[in-house]
Visitor: 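Structure provided below as C-alpha cells; questions to follow.
Every chain is numbered from 1 and lettered A, B, ... according to where its sequence line falls, protein lines coming before strand lines. Computed from a predicted model, the values in this text were never measured in an experiment.
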Protein chains: 2
Amino acid sequence: MPRASAAAAARTAQQVLDAATDLFAARGFAAVSLDDVARAAGVTRGAVYHHYGNKAGLFRAVAARLQARVADSVVEAAEHAGADPRARLGAGSHAFLDAITSGPAVRVLLVDAPAVLGWREWRELDAENSGTHLRDALRAMGVDDDLLGALTAQLSGAMNDAALWIAEHEDGTRTRQQAHAALDRLLAAVAP
Amino acid sequence: MPRASAAAAARTAQQVLDAATDLFAARGFAAVSLDDVARAAGVTRGAVYHHYGNKAGLFRAVAARLQARVADSVVEAAEHAGADPRARLGAGSHAFLDAITSGPAVRVLLVDAPAVLGWREWRELDAENSGTHLRDALRAMGVDDDLLGALTAQLSGAMNDAALWIAEHEDGTRTRQQAHAALDRLLAAVAP
DNA sequence: CTCCTTACGTACACTGTGCATGTAAGACTC
DNA sequence: GAGTCTTACATGCACAGTGTACGTAAGGAG
C-alpha cells in the first residue's frame, strides 16, 4: 500500500536519515540494525534500501550531512573573522571544535566513519568539506607547499582527537577551554 | 580429536593471533570472518572461541600486541636518545611514526580499533602504552599541568593522522620525510 | 484513460556469530 | 600407573541481520 508523491518520498527519506543519525550516534554503526532504523522512522526496511541502497550507503548519507553542517559552521566563523589569514585560521579551527562536539557528529564522523567507509573515502569526504578550508588557511599563512599536505593532515588529526577528548570527558566547559588552549598552542607552531 | 599439551595450546593460540593480525590488517575487521581466521590458522572456529572468547576479544588481543610492539620501539628510541627531555620527545615521536607505519599496525590500530573496541577502550589501550610516554615527555618539557591532557591527546592525534597519511600515499620516502618535517613543526610549538 | 515509473512492502536465501554439546588427550592424585 | 579431572579443541545448531527478488499500488505524463 504505497502512497508516494514526490514530496512524500522526500519526507520519508528525511525521516529515515534523521532516525539513522540518532541511532548511529547513540549506539554506533555495528549495533544498529536496519530494522531498528526502519522502525524508528515508521517504515519498513524496503524503504531504507530503496533510498540508500545498503547499510553503508545510509551511513554515508548520514556522515555527509553531518560533515556538511560542521563545514558550514567553519565557513561562517571564518567569514565573520574578517580578512586576516591568522584570524581566519584561528576562528575556523575553534569553530570546528565547537561544531563537531555539539550534537551527534563525533561518534559518527570520528569513530565509525573511518572503519565503515574506509580511511580513503572518509578522507575524501573530509577533503570536500572542512579539510579544504584548513588547507587553504594554511596556504594563506604562507606554509611551504612541501609541508602543506602533511601539516594539514596532522592539524586535522589534532583537532579530531581534541573533539574526541572533549566528548570523552563530557564534564562542562573546563575541558573545552583546555582543548581550545592546547589547540592555540599548536596553531602557534604554524603562525607565531 | 584434540591433542593438547600446554606448549601446543600456546602455539595454536599464537597461530590464530598471527593469522588474525594478517587478515584484519589486509581486509579490515568487518570483512574477516572467524572461519577465515580459523582456516588460515589451520584450526576450526572452536579453537578461536576457546582462546579468545569472541570476535572482539580476538581483535583486542591483536591490537594489544601491535600496540605493545609500537610502544617498545618508542621506548627504545627514547632510551637511545639520552637524557635531554627535548631529544627524547623528538626521538620517541619519530620512532612512533616509523614503527606504526611499518607493518600491519596502521589499519588495525588507527582505523578499526576505535570502532570495534569503542573510543574509550581504545584510548585506555593507548594510554597503557605509547600514550603514557608522550604524556611523560611533555611533562618533562615543562608543559603546564592544565594543558597536559589536552595537548597529549592532540599531539597523539596529529601523529596518528600523520601515520595514516603516510600509509595512504605509500609512495616511498618522500611523503615520509614530509610527515616527519611537519611533525617537527608541531613539536616546536611545545618545545622551541 | 492508459501506461510507465516510482516508492515502497514482503518473503526468502545466505552469511556469520555465538553457544551448547561432545570428546579425547595431558596433568594430577594416590 | 590407574583413575579422575581439566584443558583444548571440534561439531552442530539456533539466531540475527543483510541483501535481493518480487509484488503492488499510487502518482504523473501523454
Visitor: Got a sec, which residues hit side-chain hydrogen bond (donor to acceptor under 3.5 Å, both in side chains) with A:N54, two or more places apart in sequence or on another chain?
Guide: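 Partners of A:N54 under the side-chain hydrogen bond (donor to acceptor under 3.5 Å, both in side chains) test: none.
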Visitor: Could you name each residue pair satisfying side chain to side chain donor-acceptor pair (under 3.5 Å) that touches residues 21-32 of chain A, not counting sequence neighbours?
Guide: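 Side chain to side chain donor-acceptor pair (under 3.5 Å) check on residues 21-32 of chain A returns A:T21-A:R65, A:R27-A:D36.
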Visitor: Look at atom CD of A:E79 and say whether more than 12 heavy atoms of other residues, nucleotides or ligands are closer to it than 6.0 Å.
Guide: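 It does: A:E79 CD has more than 12 such atoms within range.
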Visitor: Can you sort out the partners of A:R11 under side-chain hydrogen bond (donor to acceptor under 3.5 Å, both in side chains), two or more places apart, ordered by chain and number?
Guide: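 If we apply the side-chain hydrogen bond (donor to acceptor under 3.5 Å, both in side chains) test to A:R11, skipping adjacent residues, there are no hits.
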Visitor: Are any of B:H51's side-chain N or O atoms less than 4.0 Å away from OP1 or OP2 of D:dA8?
Guide: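 For D:dA8, neither OP1 nor OP2 has a side-chain N or O of B:H51 closer than 4.0 Å.
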Visitor: With respect to the phosphate group of C:dA7, does any side-chain polar atom (N or O) of A:H50 fall under 4.0 Å of OP1 or OP2?
Guide: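 For C:dA7, OP1/OP2 do have a side-chain N/O of A:H50 under 4.0 Å.
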Visitor: Give me each pair satisfying ring-ring contact (aromatic ring centres under 6.0 Å, His included) with a member in residues 8-33 of chain A, each pair once, sequence neighbours excluded.
Guide: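 Counting only pairs at least two positions apart or across chains, the ring-ring contact (aromatic ring centres under 6.0 Å, His included) contacts touching residues 8-33 of chain A are A:F24-A:F29, A:F24-A:F59, A:F29-A:F59.
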Visitor: With sequence neighbours excluded, what pairs up with A:E121 under the side-chain hydrogen bond (donor to acceptor under 3.5 Å, both in side chains) test?
Guide: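 A:E121 satisfies side-chain hydrogen bond (donor to acceptor under 3.5 Å, both in side chains) with A:R60 only.
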Visitor: Could you list all the ring-ring contact (aromatic ring centres under 6.0 Å, His included) pairs where at least one residue sits in residues 80-101 of chain A, not counting sequence neighbours?
Guide: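 Those involving residues 80-101 of chain A are A:H94-A:H180.
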Visitor: So if I define the base as every atom that isn't primed, P, OP1 or OP2, how would nucleotides 12-20 of chain C read as a B/S/- string at a heavy-atom cutoff under 4.0 Å?
Guide: -----BB--
Visitor: For A:L58 and D:dG19, give me the distance from atom CG to atom P, rounded to whole Å.
Guide: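 Going from CG in A:L58 over to P in D:dG19 covers 11 Å.
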Visitor: Can you list, in residue-number order, the parts of residues 12-24 of chain A that come under 4.0 Å of DNA chain D, counting heavy atoms only?
Guide: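 Within this stretch, nothing sits under 4.0 Å of the strand.
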Visitor: Does anything in residues 157-166 of chain B form a side chain to side chain donor-acceptor pair (under 3.5 Å)? List the pairs, not counting sequence neighbours.
Guide: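 Qualifying pairs, neighbours excluded: none.
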Visitor: Whole Å only: how far is the CZ atom of B:R39 from the C1' atom of D:dA10?
Guide: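 Nearest whole value for this atom pair: 15 Å.
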